[in-house]
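Note sheet for the following structure.
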Amino acid sequence: MRIIGLFKPNLNKFILVFAILSFSSAILFANEPVKNADSEHADANVGVQDSTAVEAENSATSHEKAKEEKFNPSELILEHIADSHDWHLWGHTSLPLPIILYTPKGLEVFSSSHFHHGEQAYTTANYTYKIEENKIVVLNAENEIDEAATKTIIDISITKNVCSLLISVTLLLFIFLSVAKAYKNTVGKAPKGFQSMIEPIILFVRDDVAKPNLGKKYAKFMPFLLTIFFFIWINNMMGLIPFFPGGANVSGNIAFTMVLALVTFIVITVNGGKVYWSHIFAPHVPWWLYPLLVPVEIFGMFTKPIALMIRLFANITAGHILVLSLISLIFIFKSAVIATVAVPFTVFISVIELLVAFLQAYIFTMLAALFIGMAVEEPHAEDHH
Amino acid sequence: MELVTPSIGLVFWTTIAFLILIFVLGKFAWKPIMQALAEREQSIEDALSSAEKAKEELTRLNNESEQLLKVARSERDTILKEAKQLRDNMVADAKGIAQTEANKMIAKAKVEIDNQKVAALAEVKSQVANLSIEIAEKVLRNQLADKAKQEALVADLLKEVKLS
């Protein structure tokens, strides 16, 4: 299996090094690479279009057919922010990703290259599959979509987002295990190198996020808060890198934010103390208001994590849409002159997105800490209400 | 709409990724890091408080040594004063003793001289007496034959004797 081979250690190392390089350069020299990156973005995404708008620009005469095709920015943008079964690299080159399907007839694993970018169907021993609007569907003997069979298969493929997610996880493990090792090596000494870059952020999460919201009980929730903070942050940052190891819209995907919100909801509910539950089921109001207030409070239990979910999803997706829209302007007007306005503006937005990447990770962690703080509140504090 | 419909695959993988992260990082990264940070903060706090303590101790020691110095200085002054007095007294005593001793010696010497003088005079007198007797004897022997001469001799001798 060619695709599985991609995830063997030596190649993984290469991916890791490449990811670190682009990650750090994106942070340190925010302006320059973003500028380059944006133009690549444009190239890349236009290339994804079935035929190419770029080629229409470059060699209009030789591609009469391409010229006729209209550039559709909303399709391009939606394609970028959605998930896909292969990872577009440049031009017509894509990285095929493994398809994993859990079907009633057993687990199916094959490469997405069999679909030829969704143009062809692929028949295994059990079913015939085809990609229809980014979703894997089952075809029946008449080459029509078999809705009933499609519903029975569960698609747990390594999609572009999953792949990016795994790269982020590898990066996080690599970074923090080495930082933890550095702490072991420099006991009683000042922090050094990468450790001293990470330490202020950890202290920030501890002193400005956890301690003010959780009080004395902060230590118990530190692993959760730190994990959620760095997990969101690194995925936000990876999403800002416009080429291969980044560029996926992981933290702007509702599934990703849903899982994080769900985990937060579980942490809040499991750690909810007497005060928390009495706030919901026995609020300090006259008894006849209970029928009104108790449902509102129960509703509130769910709106908090849902708000977390939607906030992160919307912010990151909006950032991606904004950058792509600005770049699309060049192709909508079919004029390089527009680039002199669109590119600097994209650079500006991208720099803001760097801030947003941090800010959204911070806000998510902050609110999670706040909600957990409300859940673990001690009874004596209640009297002051 | 596809954008707001979570796909099962990504939910599944995100859950796995998050669980791996929270388990592995929680155990092998956050725990040692938080512990190391807490330990470092504790050691810094300890160092600061011990520095404060040392400073206090130093001030206390300084005060003490100053006090000691002051006492020592006054003690030295009294000792010096006493020593001076003692020296003066000793000198005065020594002078007195020497004076009396000298006086005593002078007096003794005077007595001795007197004694010696008396003894010498006595001896001279006895010598003169003896000499006189011898002369008288010689004269007597020489002159006794001639009465006139004896008388002249006696007269001469007597003249000579008058000298002493």
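The chains referred to below are lettered A, B, ... by the order of the sequence lines, with proteins before strands, and numbering in each begins at 1.
By number of non-hydrogen pairs under 4.5 angstrom with chain B, the leading residue of D83(A), I100(A), I228(A) is I228(A). If you tally non-hydrogen atom pairs under 4.5 Å between each of T317(A), I202(A), I154(A) and chain B, the highest count goes to I202(A). When the candidates I198(A), V263(A), T186(A) are compared by the number of heavy-atom contacts under 4.5 Å with chain B, V263(A) comes out ahead. Taking chain A as the reference chain and counting heavy-atom pairs below 4.5 Å, the highest number among I20(B), L25(B), I8(B), V11(B) is found for V11(B).
Here the side chains of T5(B) and I254(A) are not in contact, with every heavy-atom distance at 4.5 Å or above. Contact annotation: the side chain of M222(A) never approaches that of I33(B) to less than 4.5 Å [non-hydrogen atoms, C-beta and beyond]. Side chains of R206(A) and L37(B) form a contact here, defined as non-hydrogen atoms less than 4.5 Å apart. Residues Y183(A) and R40(B) form a side-chain contact, since some pair of their non-hydrogen atoms from C-beta on lies under 4.5 Å apart.
Using a 4.5 Å cut-off between heavy atoms, I310(A) makes no contact with chain B at all. Residue contact with chain B, scored on non-hydrogen atoms closer than 4.5 Å, involves the side chain of L260(A) exclusively. For S43(B), no part lies under 4.5 angstrom from a heavy atom of chain A. Neither the backbone nor the side chain of L262(A) comes within contact range of chain B; no heavy atom of the residue lies under 4.5 Å from a heavy atom of that chain. For V250(A), no part lies near chain B; criterion is any non-hydrogen pair under 4.5 Å. Of the two parts of K135(A), only the side chain, counted from C-beta on, holds a non-hydrogen atom closer than 4.5 Å to a non-hydrogen atom of chain B. Both the backbone and the side chain of N161(A) come within contact range of chain B, each with at least one heavy atom under 4.5 Å from a heavy atom of that chain. Using a 4.5 Å cut-off between heavy atoms, V169(A) contacts chain B through both its backbone and its side chain. Heavy-atom distances place no part of Y102(A) under 4.5 Å from chain B, backbone and side chain included. With a threshold of 4.5 angstrom between heavy atoms, Q42(B) does not approach chain A through any atom at all. Using a 4.5 Å cut-off between heavy atoms, L226(A) contacts chain B through both its backbone and its side chain.
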Query raised in the report: Taking it one step at a time, do W30(B) and F230(A) satisfy ring pair (Phe, Tyr, Trp, His ring centres under 6.0 Å)?
Result: CA-CA 12 Å; W30(B) 306 136; F230(A) 284 105; 5.7 Å; yes
Report task. Under the side chain to side chain contact (heavy atoms under 4.5 Å, CB included) rule, what do W13(B) and T159(A) come out as? Steps first, then yes or no, please. Result -> CA-CA 10 Å; W13(B) 287 109; T159(A) 58; over 6 Å; no
Query raised in the report: Given the rule in the side chain to side chain contact (heavy atoms under 4.5 Å, CB included) test, do L173(A) and F28(B) qualify, once you have shown the distances and angles that lead to the verdict?
Result: CA-CA 9 Å; L173(A) 289 177; F28(B) 300 108; over 6 Å; no
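Nearest heavy-atom pair, F12(B) versus I156(A), reported as atom, atom and distance to 0.1 Å: CD2-CG2, 3.7 Å. Considering every non-hydrogen atom in both A29(B) and A180(A), the closest pair reads CA-CB, 3.7 Å.
Note that OG of S7(B) and CD1 of I136(A) are 11.0 Å apart. Values are rounded to the nearest 0.5 Å. A distance of 7.5 Å separates CE in M34(B) from CG in L203(A), rounded to the nearest 0.5 Å. Taken from CG in L21(B) to OG in S168(A), the straight-line distance is 9.0 Å, to the nearest 0.5 Å. With rounding to the nearest 0.5 Å, the separation of CZ in F256(A) from CZ in F18(B) is 9.0 Å.
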